[in-house]
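Have a look at the structure below, then the notes.
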There are 2 protein chains.
Amino acid sequence: MSVPLHYVVKTRLVEVVEGLGEGAALPPERVLAKEFGVSRWTMRQAIRELIADGRLRARQGQGTFVATPKLVQPLALVSYTEALRAQGHTPAREVVEFDELPADAVLADRLGIAEGEPVHRLERVLFADGQPIGLETTYLAVERFPTLKAVLDPTGSLYRCLTDQLGVRFGEGEELVETVIATPREAELLKATQSLPMLLLHRTSRDTAGRPIEAVRSLYRGDRVGFRATLRP
Amino acid sequence: MSVPLHYVVKTRLVEVVEGLGEGAALPPERVLAKEFGVSRWTMRQAIRELIADGRLRARQGQGTFVATPKLVQPLALVSYTEALRAQGHTPAREVVEFDELPADAVLADRLGIAEGEPVHRLERVLFADGQPIGLETTYLAVERFPTLKAVLDPTGSLYRCLTDQLGVRFGEGEELVETVIATPREAELLKATQSLPMLLLHRTSRDTAGRPIEAVRSLYRGDRVGFRATLRP
DNA sequence: AAGTGGTCTAGACCACTCC
DNA sequence: GAGTGGTCTAGACCACTTG
């Protein structure tokens with residue numbers, strides 16, 4: 001049993017998936033389990049991994065389907081809207097929260113303000129072609145952007161608002177990338193299955209003078225999105 | 001049951017973990033399950049997620065332990081050895097394969113050669129402080145680097161060999177980042193538990209003239225490593 | 001109402017580590 | 001041999017979608 005049974009099932013299931021077209025429905029789990037001669041748990045483990053790998057997609061009450069290839073987003077200080085449009089996809093946003101709260105120690109440090117100072121919080125679900133792919137939470141110091149709430153259309157581009165209306169000039173930024181498991185709340189907002197691996201990005205943007213502009217926490221569905229970075233020597 | 005039981009268990013287990021120090025052992029799964037009043041499956045699901053999140057670490061036959069914080073590696077064209085040393089960690093490598101094989105269509109395209117042309121393959125496990133954290137497979141065209149096999153110490157820095165001995169000058173490169181589930185072989189080489197989310201990086205490096213130097217596939221343990229990128233406007 | 005995926009249980013056996 | 005995590009089974013019920 002050096003190779004787990006569910007992995008053997010996974011490799012055999014991959015062949016089935018490759019024989020089907022994008023969006024095609026798989027047989028129900030219970031049927032597949034019987035066909036492969038394994039328990040439903042083993043079958044689900046194989047399916048679960050193919051979902052995490054972005055090869056399959058499950059919808060409760062409907063079935064399991066062959067997924068479309070992952071999107072590749074640029075890892076750069078560009079507008080989400082423009083990046084998606086450039087690849088021929090349709091972007092959209094949905095505002096979850098747009099409020100103010102006092103900065104905790106970590107956030108205050110990233111924004112270069114004192115702990116407890118008020119910050120704007122803008123939390124939005126990002127869509128591509130109608131599918132939720134990411135949950136983006138942006139924090140900006142109220143002191144630095146006192147008019148933000150009045151000026152910004154929260155369904156529009158924050159990047160564009162900052163540069164065009166508020167005269168911000170973006171300099172270098174820093175981004176941290178890691179994998180995490182989404183919380184139930186995050187999974188629900190992203191309409192993703194529970195316990196799915198996600199890509200968590202933490203960005204700190206600075207202006208040309210090196211002053212912090214924003215702190216961003218972006219959680220992207222690991223089964224739907226990848227990122228591209230340009231490396232310089 | 002809108003919030004799964006295993007998630008409730010997870011959040012309560014986090015409190016337990018935070019009350020322990022790094023490296024401390026948790027009670028056995030069967031004991032924890034009884035204490036929390038859930039089945040072992042539910043308990044394992046909670047533990048499994050905390051392992052993926054990098055909070056816990058399981059060793060078969062030994063127990064489950066509180067993990068150390070994730071390493072943060074730079075997403076840049078620098079030597080793995082130097083990057084780790086700069087953070088005060090001890091790097092090491094172990095050669096798995098160092099051979100030649102004909103390029104398939106995808107690899108040939110990335111390296112700018114014809115399909116079927118021979119390429120060097122160097123596959124190594126990367127260690128930090130004695131722990132395996134990544135599996136790196138590098139492909140280079142034999143035609144371009146015919147002396148590589150004779151010149152390179154496969155346990156040393158490939159980056160250094162290319163720049164110092166073979167006169168290569170690195171220009172811009174491109175890196176793709178995504179999450180995947182490791183195969184049993186990869187999990188075993190990385191001494192990781194099965195079905196653990198990993199960070200998969202695909203790099204194509206070019207010289208200052210824009211010619212491809214290497215194609216690299218790096219698989220990093222998602223529970224042990226994160227990456228940092230510098231963003232430019 | 002029927003059928004789908006999602007969660008959970010109780011119990012079994014395997015594989016590994018340490019005594 | 002004892003104790004640990006790892007895999008697997010059979011079966012149950014829940015939650016959601018569609019007819």
Worksheet item: Can you tell me how far C1' of D:dG6 sits from CZ of B:R59, to the nearest Å?
Response: 16 Å
Practice prompt. Could you tell me the separation between the CG atom of A:L5 and the P atom of D:dA10, rounded to a whole number of Å?
Written response: 11 Å
Worksheet item: Which whole-number value in Å describes the distance from A:L196 CG to C:dG6 P?
Response: 11 Å
Worksheet item: Just how far, in rounded Å, is C1' of C:dC8 from CD of A:Q194?
Response: 14 Å
Worksheet entry | Between C:dA10 (P) and B:R40 (CZ): distance, integer Å | 14 Å
Discussion item. Which nucleotide wins on minimum distance to the side chain of B:S39, given the candidates C:dG6, C:dA10, D:dT17?
Written reply: C:dA10
Worksheet item: Could you give the CD-to-P distance, from B:E29 to C:dT9, as a whole number of Å?
Response: 14 Å
Worksheet item: With respect to the side chain of A:W41, which nucleotide from D:dT9, D:dG6, C:dT9 is positioned closest?
Response: D:dT9
Worksheet item: Any side-chain N or O of A:S2 less than 4.0 Å from the OP1 or OP2 oxygen of C:dA15?
Response: no
Response to the item:
Closest of D:dT7, D:dT9, D:dG6 to the A:P4 side chain is D:dT7
Worksheet entry | Atom-to-atom span, CZ of A:R44 to C1' of C:dT7 - whole angstrom | 8 Å
Worksheet item: Is the phosphate of D:dT9, meaning OP1 or OP2, less than 4.0 Å from a side-chain N or O of A:T42?
Response: yes
Response to the item:
Of all heavy-atom pairs linking B:P132 and B:K191, the shortest is CG-CB, 4.0 Å
Worksheet item: Taking atom types as modelled, is there a side-chain donor on A:S39 or A:R44 under 3.5 Å from an acceptor on the other?
Response: no
Item to complete: Rounded to the nearest 0.5 Å, what's the gap from CE on A:M198 to CG on A:D223? Could you check?
Response: 7.0 Å
Worksheet item: Counting only distance, no hydrogens or angles, is the base of C:dG5 paired donor-acceptor with the side chain of A:R30 under 3.5 Å?
Response: yes
Worksheet item: Looking at C:dC16, C:dG6, D:dT17, which one has an atom nearest to any side-chain atom of A:Q60?
Response: C:dG6
Fill in: A:Q45 CD to D:dG6 C1', straight-line distance once rounded to whole Å
11 Å
Practice prompt. Determine whether the aromatic ring centres of B:Y80 and B:Y159 lie less than 6.0 Å apart.
Written response: no
Item to complete: For A:G61 and for A:M43, locate the closest nucleotide of DNA chain D by heavy-atom distance; then report the residue assigned to the nucleotide nearer the 5' terminus.
Response: A:M43
Item to complete: Return the minimal non-hydrogen interatomic distance between B:V225 and B:L199, and the atom names on each side.
Response: O-CD1, 3.8 Å
